[in-house]
Amino acid sequence: DTDIVEIEDLASSLNHAKDELKKNDEIRRELMANVSHDLKTPLTAIMGYSENLKSNIHSEKREYYADAVIENVRYMNEIIMSTLELAKIEEQDTRLNKTDIDMILVADELLAKYKAEFDDRGITVSVSGKCIVKVDRELISRAVENLISNAEKYTVDGGKIEITAD
């Protein structure tokens with residue numbers, strides 16, 4: 001009788017594992033479909049802008065098309081990096097390296113990467129507050145950079161970005 005119970009338990013465990021694998025496969029397929037769709041849009045735009053660059057166009061439009069290609073490549077890179085980060089987080093070997101981090105310093109360091117773009121577009125940036133958190137520096141830096149990148153992308157020329165950490 002105990003052998004039968006053990007076999008039933010094993011069968012139940014195997015069925016549960018099979019169901020979990022099936023669910024994970026569905027999630028991965030959905031993720032791949034979403035990522036593929038998200039990458040297709042900027043790729044189509046890059047193709048169009050590149051074809052326009054090959055044709056004889058005025059220099060002012062050439063700069064516009066080149067900037068659009070660069071922006072779409074940056075967007076695609078963000079999608080790819082996010083997907084890779086998700087895969088990395090899913091791995092069991094990934095361990096968070098939590099340390100005390102000054103979020104104002106993180107913001108200032110990341111804003112420096114965008115300084116030229118902000119200056120060129122007349123965007124003013126202010127950072128204020130004080131916030132020390134215990135987090136994984138690499139992960140929080142990626143999250144904050146994504147926010148800064150979006151703020152740069154969607155702030156109008158001459159606009160203002162305010163970052164407050166409390």
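Nearest heavy atoms, I163 versus A107: CG2-CB, 4.4 Å. Here the closest non-hydrogen pair linking S149 and E78 is OG-OE2, 2.9 Å. Taking each heavy atom of I104 and S128 in turn, the nearest pair found is CD1-O, 3.3 Å.
Listed by chain and residue number, K88, R142 satisfy the side-chain hydrogen bond (donor to acceptor under 3.5 Å, both in side chains) test with E138 (two or more places apart in sequence, or in another chain).
With rounding to the nearest 0.5 Å, the separation of CD1 in I140 from OG1 in T99 is 11.0 Å. The structure places OH of Y114 at 9.0 Å from NZ of K153, a figure rounded to the nearest 0.5 Å. Here M47 contributes atom CE and N52 contributes atom CG; the two are 12.0 Å apart, rounded to the nearest 0.5 Å. The structure places CG of L21 at 10.5 Å from CG of L14, a figure rounded to the nearest 0.5 Å. Annotation: the span from N72 atom CG to D67 atom CG amounts to 11.0 Å, rounded to 0.5 Å. Remark: Y65 OH to I46 CD1 distance equals 15.0 Å, nearest 0.5 Å.
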Verdict with reasoning, V144 to M103, per side chain to side chain contact (heavy atoms under 4.5 Å, CB included): CA-CA 9 Å; V144 172; M103 292 305 297; 3.7 Å; yes

From CA spacing to verdict: salt bridge (charged side-chain N to carboxylate O under 4.0 Å, His left out), E51, K54: CA-CA 5 Å; E51 288 171 355; K54 283 181 70 175; over 6 Å; no

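In the hydrophobic clustering of this structure, I161 groups with L111; members are Ile, Leu, Val, Met, Phe, Trp, Tyr whose side-chain heavy atoms approach within less than 4.5 Å, directly or through other members. Under the 4.5 Å side-chain heavy-atom criterion for ILVMFWY residues, a single connected hydrophobic cluster contains both L43 and Y75. The cluster map of Ile, Leu, Val, Met, Phe, Trp and Tyr, joined by side-chain heavy atoms under 4.5 Å apart, puts M76 and V69 in the same cluster. Both I148 and I101 sit in one connected hydrophobic cluster of ILVMFWY residues. Membership requires side-chain heavy atoms under 4.5 Å apart, directly or through other members.
For F118, the CZ atom is densely surrounded, since the number of other residues' heavy atoms within 6.0 Å is greater than 12. Within 6.0 Å of NZ on K113 lie no more than 12 heavy atoms contributed by other residues, nucleotides or ligands. At most 12 non-hydrogen atoms from other residues, nucleotides or ligands lie less than 6.0 angstrom from CD of E30. Annotation: R74, atom CZ; neighbour count of heavy atoms from other residues, nucleotides and ligands within 6.0 Å does not exceed 12.
With hydrogens and angles disregarded, no donor-acceptor distance shorter than 3.5 Å links the side chain of N77 to the backbone of V73. Although no hydrogens or angles enter the test, the distance criterion places a donor-acceptor pair under 3.5 Å between the side chain of T44 and the main chain of K40. Between the N97 side chain and the D136 main chain, no donor and acceptor come within less than 3.5 Å of each other.
Applying the salt bridge (charged side-chain N to carboxylate O under 4.0 Å, His left out) test to every pair with at least one member in residues 100-109, sequence neighbours left out, gives these pairs: E109-R137.
If you chain together ILVMFWY residues whose side-chain heavy atoms come under 4.5 Å of each other, L147 ends up in a group of its own.
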